[in-house]
Amino acid sequence: HCWKKQGHGLVNLNSALQQSCDSYFYEIAQRLGIDHIAEMARRFGLGDLTGIDLPNERGGLIPTSSWKKKKLGTPWQRGETLNAGIGQGFILTTPLQLAVMTSRLASGKAVKPHLLRGFSSAGVTEHFKSRSPESIRVSPGIRRLVLKGMEAVSNTPRGTGFRARIKTPGFELAGKTGTAQVKRISMLERDTRVLKNKERPWEDRDHALFVAFAPVKKPQYAISVVVEHGGRGSAVAAPIARDILYETLKTDPSRYYKRDQKKSDNKKKYKI
């Protein structure tokens with residue numbers, strides 16, 4: 001069932017993302033099947049090492065029907081596809097993978113993360129020009145639909161991340177809230193009442209997630225925030241992501257570099 005007991009009514013991709021409608025994604029997952037979901041997930045960097053310049057990275061897990069047969073000796077079940085459709089079940093990801101996923105979605109490029117220290121905007125530009133990533137082979141039109149839905153999450157009143165939006169013009173972010181269930185909900189709870197997070201022991205409470213990119217019009221930064229046992233992503237993880245992105249955008253060296261470059265160009269024009 002959906003997190004909203006009475007349901008969301010008729011939804012499309014945009015409104016399903018905006019309001020985080022589980023049932024929509026159950027239906028999409030059922031139509032696609034786990035192997036198609038897994039193939040696309042890997043284009044976005046899930047289920048694989050990112051190659052970050054750090055030791056001991058974990059690759060996570062994006063399951064397939066053949067993986068389950070080999071690992072557990074049992075066939076894939078249709079209900080497991082529904083779970084995978086909302087990122088639950090066997091799926092495992094790291095916060096870094098979620099950030100990479102978001103950057104690839106926003107750019108359409110197979111972005112790979114690197115650690116940088118003490119950089120100038122010009123240096124960063126040259127660094128990434130020499131490592132120009134290839135396309136993730138996803139239609140720009142399809143990506144735009146998803147990015148538009150993420151914009152609605154954060155910048156429309158019905159969006160689950162609306163309260164954690166950036167209000168400064170030109171700095172707006174687009175995001176997606178998430179809640180990762182850590183304990184199975186019993187049939188007794190289903191038949192009576194599902195306990196709220198604050199009513200459960202801390203270790204049984206959901207993880208709070210939020211991914212985002214900014215600015216909306218010309219994405220430069222991607223972020224993921226995971227708060228273990230934090231509860232709802234919209235209330236706990238999203239405000240953290242907003243504050244980090246806002247401060248990053250305010251101090252973005254490329255903004256000042258471009259501004260100074262423009263002033264320099266104007267002076268040259270004036271002298272001529």
Side-chain angles (χ1 to χ4, degrees), residues 3 17-20 22 44-46 50 52 54 57-58 60 86-88 91-107 111 113-117 119 146-183 196-255:
W3 66 266
L17 286 166
Q18 177 199 42
Q19 300 172 54
S20 205
D22 295 328
F44 286 92
L46 302 178
T50 67
I52 187 71
L54 289 169
E57 184 186 7
R58 301 295 291 271
I86 61 167
Q88 292 275 170
I91 289 180
L92 296 172
T93 65
T94 66
L96 180 61
Q97 286 176 330
L98 295 177
V100 169
M101 173 195 74
T102 307
S103 67
R104 291 186 177 192
L105 179 60
S107 68
V111 176
H114 295 281
L115 293 180
L116 297 176
R117 177 188 292 173
F119 62 87
V146 178
L147 298 179
K148 202 70 178 172
M150 292 176 69
E151 184 178 355
V153 167
S154 298
N155 299 293
T156 61
R158 296 190 72 183
T160 54
F162 184 65
R163 291 184 180 180
R165 66 193 183 280
I166 294 179
K167 300 178 183 179
T168 306
F171 280 25
E172 293 90 349
L173 66 83
K176 182 67 190 78
T177 55
T179 304
Q181 184 181 317
V182 299
K183 187 177 181 181
K196 295 180 179 179
N197 264 295
K198 62 182 180 182
E199 298 174 312
R200 304 177 197 165
W202 180 83
E203 63 272 14
D204 291 345
R205 296 176 186 178
D206 301 332
H207 298 325
L209 289 81
F210 190 72
V211 298
F213 65 88
V216 167
K217 300 302 181 187
K218 192 176 181 182
Q220 298 292 320
Y221 298 97
I223 188 172
S224 77
V225 174
V226 178
V227 180
E228 292 183 333
H229 308 295
R232 291 184 300 128
S234 57
V236 180
I240 297 171
R242 174 201 59 204
D243 292 348
I244 293 172
L245 280 175
Y246 182 64
E247 291 302 319
T248 301
L249 289 166
K250 282 200 304 183
T251 58
D252 178 4
S254 68
R255 289 178 60 233

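The side chain to side chain contact (heavy atoms under 4.5 Å, CB included) check on Ala99 picks up Ser224, with sequence neighbours excluded. Partners of Thr50 according to the side chain to side chain contact (heavy atoms under 4.5 Å, CB included) rule, which considers only residues two or more places apart in sequence or in another chain, are Ile52, Glu57, Leu96, Gln97, Val100, Pro113. Qualifying side-chain hydrogen bond (donor to acceptor under 3.5 Å, both in side chains) partners for Arg158, counting only residues two or more places apart in sequence or in other chains: Gln19. Annotation: salt bridge (charged side-chain N to carboxylate O under 4.0 Å, His left out) contacts of Glu151 (sequence neighbours excluded): Lys148. Take Glu203 and apply the salt bridge (charged side-chain N to carboxylate O under 4.0 Å, His left out) test, not counting sequence neighbours, and it matches no residue. Remark: Thr177 pairs with Thr160 by the side-chain hydrogen bond (donor to acceptor under 3.5 Å, both in side chains) rule, at least two apart or across chains. In this structure, Arg58 has no salt bridge (charged side-chain N to carboxylate O under 4.0 Å, His left out) partners at least two apart in sequence or on a different chain. Residues that satisfy the side-chain hydrogen bond (donor to acceptor under 3.5 Å, both in side chains) test with Ser103, not counting sequence neighbours, are absent from this structure. With sequence neighbours excluded, the residues that form a salt bridge (charged side-chain N to carboxylate O under 4.0 Å, His left out) with Asp204 are Lys183. For Tyr246, the ring pair (Phe, Tyr, Trp, His ring centres under 6.0 Å) partners two or more places apart in sequence, or in a different chain, are Phe171.
Between Ala164 and Pro239, the shortest heavy-atom contact is CB-N, 3.8 Å. Between Val236 and Gly230, the closest heavy-atom pair is CG2-O, 3.1 Å.
The CG atom of Leu46 sits 6.5 Å away from atom OG1 of Thr93, with the distance rounded to the nearest 0.5 Å. Rounded to the nearest 0.5 angstrom, Ile244 CD1 and Leu249 CG are separated by 12.0 Å. The CD atom of Gln18 sits 10.5 Å away from the CG atom of Asn155 when rounded to the nearest 0.5 Å. Atoms CG and OG1, on Leu147 and Thr102 in that order, are 10.0 Å from each other to the nearest 0.5 Å.
Counting heavy atoms from C-beta on, the side chains of Thr168 and Lys250 never come closer than 4.5 Å.
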Enumerate, atom names and distances included, each donor-acceptor pair closer than 3.5 Å involving a side-chain atom of residues 205-217, sequence neighbours excluded.
| from | atom 1 | to | atom 2 | distance (Å) |
| --- | --- | --- | --- | --- |
| Arg205 | NE | Asn197 | O | 3.0 |
| Arg205 | NE | Arg200 | O | 3.0 |
| Arg205 | NH2 | Arg200 | O | 3.3 |
| Asp206 | OD1 | Arg200 | NH1 | 3.2 |
| Asp206 | OD2 | Asn197 | ND2 | 3.3 |
| His207 | ND1 | His229 | N | 2.8 |

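Side-chain atoms of Trp3 never come within 3.5 Å of backbone atoms of Thr179 as a donor-acceptor pair (strictly under, hydrogens ignored).
Among residues at least two apart or in separate chains, there is no salt bridge (Lys or Arg N to Asp or Glu O under 4.0 Å) pair with a member in residues 165-176.
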